[in-house]
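So you know, we letter chains A, B, ... as the sequences are listed, proteins then strands, and number each from 1. Please read all numbers here as calculations on a predicted model, not as lab measurements.
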Amino acid sequence: MNVPDTVPSSVPGRDWYARPVLDVARDLLGATLTTRTPDGIVGLRLTEVEAYDGTTDPGSHAYRGPSRRNATMFGEPGRLYVYRHLGLHHCVNVVCGPEGEASAVLVRAGEVVDGADLARSRRLASGVARTDRDLARGPARLAVALGLDLSDDGADVTAPEGHVVLRHPLVEPVETPAVIRTGPRVGVSGDGGRADLFPWRFWLDAEPTVSAYRAAPART
DNA sequence: GGTACGATTGTCT
DNA sequence: GACAATCGTACCT
């Protein structure tokens with residue numbers, strides 16, 4: 001794979017995810033999520049995420065308590081929660097916080113840093129050709145690029161030999177310190193229209209791969 | 001067993 | 001910028 005060994009990185013253990021969801025969300029920016037499938041490897045440097053704070057967060061799938069769909073959120077941190085949206089798209093989350101709290105970070109966008117050819121062919125197979133910048137710009141495109149679907153729900157990202165692995169850089173790049181920006185979450189309508197109360201979207205400033213903000217449709 | 005609704009995207013105007 | 005597409009899940013009867 002192309003990820004050079006000279007870039008110090010580690011695979012955080014379960015405890016790393018068992019922290020407050022806002023801390024984990026912030027720390028996930030710049031980390032790389034890598035999927036290994038029979039047809040190859042795709043690595044993604046995360047540039048945009050959103051935090052969902054378990055059963056106390058009206059915007060979270062966990063707000064109404066455990067169900068078959070969100071069971072993974074109530075389980076161990078450090079696992080993938082994948083769900084289908086609008087019957088068309090998949091969205092990928094990383095479960096965090098203490099087990100049972102059901103907090104999760106939605107992975108919204110990233111920059112393909114490995115396996116761009118494979119990511120591109122997956123995107124082509126799913127529809128229309130796009131620029132490389134769009135390969136993983138938006139949660140559904142990101143899932144396609146990484147080749148993730150419902151069968152990956154519950155996958156453990158803390159296992160270095162697993163088929164989905166999250167790596168975290170041990171040291172921040174000194175020359176290009178990451179500027180982290182925050183804002184209202186995208187498309188969350190369960191917050192009573194008060195998206196401003198939950199400025200829990202985090203992204204890396206000046207990243208072309210960050211998806212465009214769209215407010216949730218007003219709820220009647 | 002039926003119905004309403006969505007953490008979005010692509011396409012058309 | 002606006003809108004249709006499309007189906008699993010939750011919630012109701």
Rounded off to whole Å, could you give me the [atom1]-to-[atom2] distance for the [X] and [N] pair?
| X | N | atom1 | atom2 | value |
| --- | --- | --- | --- | --- |
| Tyr52(A) | dG6(B) | OH | C1' | 12 Å |
| His89(A) | dG10(B) | NE2 | C1' | 8 Å |
| Arg141(A) | dG10(B) | CZ | P | 5 Å |
| His61(A) | dG6(B) | NE2 | C1' | 7 Å |
| Asp149(A) | dC7(C) | CG | P | 15 Å |
| Arg185(A) | dT8(B) | CZ | P | 11 Å |
| Arg122(A) | dT9(B) | CZ | P | 18 Å |
| Tyr63(A) | dA7(B) | OH | P | 14 Å |

Note to self: Taking pairing as Watson-Crick or G-U wobble with both contacts under 3.5 Å, can you name the mate of dA7(B), or confirm there isn't one?
What the structure shows: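 Here dA7(B) is not engaged in any pair, so there is no nucleotide opposite it.
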Notebook entry, point to check: If you measure from the Lys or Arg side-chain nitrogens to the Asp or Glu carboxylate oxygens, is any gap between Arg120(A) and Asp117(A) under 4.0 Å?
Noted result: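 Counted as a salt bridge, because a side-chain N and a carboxylate O are separated by less than 4.0 Å.
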Next item on the list: Could you tell me whether Glu50(A) and Arg185(A) have a side-chain N and a carboxylate O separated by less than 4.0 Å?
Entry: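 Salt bridge flag = no for Arg185(A) with Glu50(A).
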Next item on the list: Choose from dT9(B), dA7(B), dA5(C) the nucleotide whose nearest atom is closest to any side-chain atom of Leu88(A).
Entry: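 Nucleotide nearest to Leu88(A)'s side chain: dA5(C).
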Margin query: Quick check for you: among dA7(B), dT9(C), dG6(B), whose closest atom lies nearest to any side-chain atom of Arg68(A)?
Written below: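 Of the options given, the side chain of Arg68(A) lies nearest dT9(C).
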Checklist line | Results of side-chain hydrogen bond (donor to acceptor under 3.5 Å, both in side chains) for Thr72(A) - residues two or more places apart only | finding: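 With sequence neighbours excluded, Thr72(A) shows a side-chain hydrogen bond (donor to acceptor under 3.5 Å, both in side chains) to Asp153(A), given in chain and number order.
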Checklist line | Sugar-phosphate, base or nothing in reach of His85(A), heavy atoms under 4.0 Å | finding: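 Touches sugar-phosphate only.
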Next item on the list: Kindly say if Arg64(A) contacts the phosphate of dC11(C), meaning a side-chain N or O under 4.0 Å from OP1 or OP2.
Entry: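 Yes, within the criterion.
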Pair up each side-chain donor or acceptor in residues 11-18 of chain A with any protein partner under 3.5 Å, not counting sequence neighbours, and list the distances.
from	atom 1	to	atom 2	distance (Å)
Arg14(A)	NH1	Pro77(A)	O	2.8
Arg14(A)	NH2	Asp156(A)	OD2	2.7
Arg14(A)	NH2	Thr158(A)	OG1	3.4

